[in-house]
*Asks:* 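Before we start, here is the structure in question, set down as structure tokens.
Each ligand, and each atom within it, is numbered from 1 in the order the structure gives.
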Amino acid sequence: MAGTLHTATRTKPVTDPGHGDAFTDHMVSLEWTPERQWTRPVLLPLADIAMHPGTVGLHYGQVAFEGLKAHRQPDGSMAVFRPWDNACRFRRSAARLAMPELPDELFVAAIDDLVRHDEGWLSDNPSHSLYLRPLMYGDERTLMLRPSRTYRFLLMAFVTGGFFGDNVDAVSVWVAHEHPRAFPGGTGDVKIAGNYAPAFNAQQQAQAAGCQQVIWLDATEGEWVEEMGGMNLFFVRGHGPRAEVVTPRLSGTLLPGVTRDTLLTLAARLGMTAREESVGLRQWRKECLDGGITEVFACGTAAVVTPVGQVRDRDGDWTIGDGTPGPVTRALRTALLDLHHGIAPDPDGWMHHIH
Ligand SMILES: *Cc1c(COP(=O)(O)O)cnc(C)c1O
């Protein structure tokens, strides 16, 4: 149970959630010191935080985060999708940055508390969900180049309708050759703040080229397709229930997405062959031209399943299928949304019900 240092506020359902700024009005806070370790979670009104200008996290990037969602269930209750998996990944991210690991039980207790208090911000619109953002940073005041000796964990939430809207238009993608997102031995496989700002200029270049998203290639050969923006990628070969879905192997430079892992299971359950296999950029183009690859989609918590329609590359552009969302992509998206919203059975126990 969290502390009760909060004032009850009136919640007003958000009807137009926007894209990441429709915050609810509470946050959960924990602190870590070497003497006391982690404090218990405390629920607070969402408010600005005072920060010393010489805070370690701000200067040296000792900052890790997570992203997961809570969904309204048919009986009106709330359920969070696979929070224990995010808790585990959050510990790995923290350890990579020499930060203390938050025990999974505290991570999930913080989530239970915030969802319980702020679920009233969700309107009845079934396509809306509560996006949860856990964050941890080194908050010691020192500019010594060493790990912080104290840490703060914050959990906040906002109402979301899916990052690319509720309808599933295919996106166009631009292949980034100049600045790779991740490299062997780097931090591409953990969710830390420092991975994202360096990707912003590729995102701007993609937009300048008329594309919505960036395709990341491996840093060594510049040939193997790794991810799309902040999402994992899937390639579809063939059609219908006999289709084969392939996602790049976790080579140490890809973020191991919870959605990616979930879709590998759901595809197999729908009778498809689901495999992990590296896909080259030239192979991707060739197989689209000869009809081998029939669909491509990206997946992640924020935007769920997003079809890819067009690829723009320095050596020429190509279209995937007829450029519109394909049937395998749509079937997997529906299967995932049905699971999230408690419409499909949950044999793996992925739904964490809030009581
Ligand atoms: C968060 C993230 C993903 C998706 O992970 P999920 O657990 O499915 O939300 C994929 N790639 C990157 C780079 C990410 O940051």
*Asks:* Are Q310 and T319 close enough that a side-chain donor and a side-chain acceptor fall under 3.5 Å?
*Replies:*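 Yes, because at least one side-chain N or O of Q310 sits under 3.5 Å from a partner of the opposite role on T319.
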*Asks:* When hydrophobic residues are tied together by side-chain contacts of less than 4.5 Å, even through go-betweens, does Y60 share a cluster with Y151?
*Replies:*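 No; Y151 is not reachable from Y60 via cluster members.
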*Asks:* Is it true that the side chains of D113 and H26 contain a donor and an acceptor less than 3.5 Å apart?
*Replies:*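 The answer is no; no qualifying pair exists.
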*Asks:* What protein heavy atom lies closest to atom 15 (O) of ligand 1? Include the residue and the distance to one decimal.
*Replies:*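 Looking only at protein heavy atoms, the one closest to atom 15 (O) of ligand 1 is Y196 OH, 2.5 Å.
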*Asks:* What's the verdict on side chain to side chain donor-acceptor pair (under 3.5 Å) for T329 and E295, showing C-alpha distance, side-chain angles and the deciding distance?
*Replies:* CA-CA 7 Å; T329 302; E295 303 175 32; 2.7 Å; yes
*Asks:* I need the nearest protein heavy-atom contact for atom 13 (C) of ligand 1: residue, atom name and distance, please.
*Replies:*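 Nearest neighbour among protein heavy atoms for atom 13 (C) of ligand 1, to 0.1 Å: R181 NH1, 3.3 Å.
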*Asks:* Is there a donor-acceptor contact under 3.5 Å linking the side chains of S123 and N125?
*Replies:*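 No donor-acceptor contact under 3.5 Å links the two side chains.
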*Asks:* Show your working on side chain to side chain contact (heavy atoms under 4.5 Å, CB included) between V296 and W284 and close with a plain yes or no.
*Replies:* CA-CA 10 Å; V296 176; W284 180 4; 3.6 Å; yes
*Asks:* Considering only the protein, which heavy-atom contact is closest to atom 5 (O) of ligand 1, and what is its distance?
*Replies:*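 That would be G257 CA, 3.4 Å.
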*Asks:* Is there at least one pair of N or O atoms, one from R89 and one from ligand 1, spaced under 3.5 Å apart?
*Replies:*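 N/O-N/O distance below 3.5 Å exists for this pair.
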*Asks:* Which protein non-hydrogen atom lies closest to atom 9 (O) of ligand 1, naming both residue and atom, and how far is it?
*Replies:*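 Here the nearest protein heavy atom works out to T301 OG1, 2.6 Å.
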*Asks:* Looking only at protein heavy atoms, which one is nearest to atom 8 (O) of ligand 1, and how far off is it?
*Replies:*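 The protein heavy atom lying closest is T259 OG1, 2.6 Å.
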*Asks:* Can you say whether the rings of F23 and F158 are parallel (under 30°), tilted (30 to 60°) or perpendicular (over 60°)?
*Replies:*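 The rings of F23 and F158 stand perpendicular, inter-plane angle above 60°.
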*Asks:* Under 4.0 Å from a heavy atom of N232: which atoms of ligand 1 are those, numbered in the order shown and with their elements?
*Replies:*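 Near N232, the atoms of ligand 1 are 10 (C).
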*Asks:* Tell me which protein heavy atom sits closest to atom 3 (C) of ligand 1, plus the residue, atom name and distance to 0.1 Å.
*Replies:*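 Answer for atom 3 (C) of ligand 1: G230 O, 3.2 Å.
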*Asks:* If only atom types and distance count, is the side chain of R181 paired as donor or acceptor with the main-chain N or O of G188 below 3.5 Å?
*Replies:*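 Judged by distance alone, yes, a pair lies under 3.5 Å.
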*Asks:* So for ligand 1, is E227 a polar contact partner (N or O within less than 3.5 Å, distance only)?
*Replies:*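 The answer is yes, given that E227 and ligand 1 share an N or O pair closer than 3.5 Å.
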*Asks:* Below 3.5 Å, N or O to N or O, backbone or side chain included: is there any such pair between G300 and ligand 1?
*Replies:*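 By distance alone, the answer is no.
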*Asks:* Indicate yes or no: does an N/O atom of K191 lie under 3.5 Å from an N/O atom of ligand 1?
*Replies:*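 Such a contact does occur with ligand 1.
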*Asks:* Using a 4.0 Å heavy-atom threshold (strictly under), name the region of M231 that reaches ligand 1: side chain, backbone, both or neither.
*Replies:*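 Under 4.0 Å from ligand 1, M231 contributes backbone atoms alone.
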